[in-house]
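The next block holds one structure in the form of structure tokens; read it before the comments.
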2 protein chains.
Amino acid sequence: MNTPFSKLASPLLNIPVLKASCAGCSLHQLCLPMGLDNADMGRLDQIIGRGQRISRDQRLYRMGDPFKNLYAIRFGHFKTCHMSNGGEEQITGFQMAGELLGMDAISSDHHHCDAIALEDSEVCEIPFSRLEELFSHIPTLLHHFHRIMSQEITRDQNVMLLLGNMRAEQRFAAFLVNLSSRYLARGYSSTSFQFRMSREDIGNYLGLTIESISRLLSSFRVKGWISVDKREIHILDLPKLKEIALGSELAMMTKKDCKPVAPAIAKT
Amino acid sequence: MNTPFSKLASPLLNIPVLKASCAGCSLHQLCLPMGLDNADMGRLDQIIGRGQRISRDQRLYRMGDPFKNLYAIRFGHFKTCHMSNGGEEQITGFQMAGELLGMDAISSDHHHCDAIALEDSEVCEIPFSRLEELFSHIPTLLHHFHRIMSQEITRDQNVMLLLGNMRAEQRFAAFLVNLSSRYLARGYSSTSFQFRMSREDIGNYLGLTIESISRLLSSFRVKGWISVDKREIHILDLPKLKEIALGSELAMMTKKDCKPVAPAIAKT
DNA sequence: CGAAGAGTTGACCTTAGTCAATACCCGTGG
DNA sequence: CCACGGGTATTGACTAAGGTCAACTCTTCG
């Protein structure tokens, strides 16, 4: 295992200080420094602050906190929770290693949501003002940063699609497929992984109740598409899940084997 | 009325060419050039391409189109439609004058949605590559651009909250209040305006059916909160709508006048 | 005038939420 | 060791919110 944080002895306090290094990090092709040459990556390393350990259930930042840093997740998982003024909370996303936290705060200089660790995790602190200084010297970095922000927008809009259009089964399938592909991109198994979040979190994220999630898990299990043991899940029929996630008409067709003649993608 | 586009005679074709000018535009305090001094605004003007007229129902861009420009809405209204792979469409937003279109396309160099004019409209074309060049010379502009992107993220996440947590009545109230405040910010009446979109569009956006929208309009009318005539709406009780939009517990309280003693904002 | 499109309203039905009982896991302490 | 309690998950029975289907109106446009 590579150790992307080198432990330096703090001269005064004699406690280990975590010093991040993009160059030594296995995620640099997924994360902010993507596409940078060694020289530029070095410059980025210079501004990146000390790493932070965040233990399970701890908040990296809270809604209303002043905005200073973006955070790149080194390892671990987070959820971001928005609170409506009425007090109900909505989980707007689950983030994993290599992803950036805090971009929602740029617009108003304070955070709009809570970021909560789902397990013991570690993040790199990226002072945003220094990052902005760097942008004028490294156009590649700027461009990539814009891609990341834009990606976040696209992702959110896909969730809107999910919440606005899909029925429970489809939402849940889409959720599983999404997790699956993100683990794949990180070099993990796309078919066997653990839920880092509770059923309640999943339900909240998908706009469903905890009971519905439970029932969906059971139903998918009975149908032979997955096997579950607590938070351990094995996807047994990924193509089927993708089909369900993709949606409705097409899935209905194949399910009922009806009218394979007429073009399935008829206008709605 | 100020005319932000000056008509120049095209030397060859002798047709009027629309030349945009931020300095002369009434929206420059809402739009991209916000906070720029005159010199910088001039530099921005230099890169802004010709204006485009988009007539009602026409598409400014389509999903899959290569990404070249961002577009600032000069006047008129747009909707952005995502298509799921399954073919169902979801309207992810309604945009009005002073807002930027196309930011979702930065991540992959092609557009992820269709932008459709809800009425005859006009946009300024902003070549993104030239804008990025400008960023290194005008940090203020870059910073503001980041705020705009971040705002888009926040806004999308608020819609997620709406779709994930709110019930029909609350969604619709939130929708009305949102429109109201955006018109206010543009100097229009916050209580009397026209829907630029059909009931179907509203329903699609809010994750409800057209029939539900119709019923909600009727019910709000009967309760005396609004008056509607086709697409003309007058908000008669904005505070009430805000209360409903804000949500649940608080609204329930006042509605039923029950237990005004216990703190309404109890933990969920 | 007739046809098409948009909107309204009513009757009925389905999906997922609510409520409640129960199971299971795990850490604590007698 | 087992009992206890709290958090988490599963399952069932019932309900309600909103979807579906259908009839009808109104407006617009050719």
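A, B, ... follow the sequence lines: proteins, then strands. Residue 1 opens every chain.
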Heavy-atom closest contact (A/Asp201 atom, A/Lys79 atom, distance):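 So the two residues come closest at OD1-NZ, 3.0 Å.
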More than 12 heavy atoms from other groups under 6.0 Å of CD on A/Glu232: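 More than 12 within 6.0 Å, yes.
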Distance, rounded to the nearest Å, where B/Ile210 contributes CD1 and C/dT8 contributes P: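 After rounding, the gap between these two atoms is 8 Å.
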Interatomic distance where CZ belongs to B/Arg231 and P belongs to C/dT8 [whole Å]: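 The distance from CZ of B/Arg231 to P of C/dT8 comes to 10 Å, rounded to the nearest Å.
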Worked check of side chain to side chain contact (heavy atoms under 4.5 Å, CB included) between A/Leu216 and A/Phe172: CA-CA 8 Å; A/Leu216 283 164; A/Phe172 191 59; 3.8 Å; yes
Contacts of type side chain to side chain donor-acceptor pair (under 3.5 Å), residue B/Thr191, not counting sequence neighbours: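 Counting only residues at least two positions away or on another chain, B/Thr191 forms a side chain to side chain donor-acceptor pair (under 3.5 Å) with B/Ser189.
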Tabulated below should be each protein N or O lying under 3.5 Å from an N or O of nucleotides 23-26 of chain C; please produce it.
| from | atom 1 | to | atom 2 | distance (Å) |
| --- | --- | --- | --- | --- |
| C/dC25 | O3' | A/Lys230 | NZ | 3.4 |

Aromatic ring proximity, centroids under 6.0 angstrom, B/Tyr205 and B/Phe94: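 Aromatic pair counts; centres sit under 6.0 Å.
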From A/Arg182, A/Gln151, A/His77, residue fulfilling side chain to side chain donor-acceptor pair (under 3.5 Å) relative to A/Glu99: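 It is A/Arg182; the other options fail the test.
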By side chain to side chain contact (heavy atoms under 4.5 Å, CB included) - contacts of A/Asp156 (at least two apart):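 Partners of A/Asp156 under the side chain to side chain contact (heavy atoms under 4.5 Å, CB included) test: A/Glu152, B/Ile153, B/Asp156, B/Gln157, B/Met160.
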Residue pairs fulfilling salt bridge (charged side-chain N to carboxylate O under 4.0 Å, His left out) with at least one residue in residues 171-180 of chain A, sequence neighbours excluded: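 Residue pairs with at least one partner in residues 171-180 of chain A: there are none.
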Aromatic plane relationship, A/Phe195 with A/Phe193 - under 30° parallel, 30 to 60° tilted, over 60° perpendicular: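 Perpendicular, since the angle between the ring planes exceeds 60°.
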Taking only nitrogen or oxygen atoms into account, show me every contact under 3.5 Å that the protein makes with nucleotides 15-20 of chain C, one pair per line with its distance.
| from | atom 1 | to | atom 2 | distance (Å) |
| --- | --- | --- | --- | --- |
| C/dA16 | OP1 | A/Ala168 | N | 2.7 |
| C/dG17 | OP1 | A/Gly207 | O | 3.3 |
| C/dG17 | OP2 | A/Thr209 | N | 3.1 |
| C/dG17 | OP2 | A/Thr209 | OG1 | 3.1 |
| C/dG17 | OP2 | A/Ser212 | OG | 2.6 |
| C/dT18 | O4 | A/Arg215 | NH2 | 2.9 |
| C/dC19 | N4 | A/Glu211 | OE2 | 3.1 |

Covered region of DNA chain D, 5' end to 3' end, by chain A [heavy atoms, under 4.0 Å]: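 Listed 5' to 3', the contact boundaries are D/dA9 to D/dA13.
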A/Leu163 and its side chain to side chain contact (heavy atoms under 4.5 Å, CB included) partner, picked from B/Leu163, B/Leu162, B/Val159: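 With A/Leu163 as partner, side chain to side chain contact (heavy atoms under 4.5 Å, CB included) holds for just one option, B/Leu163.
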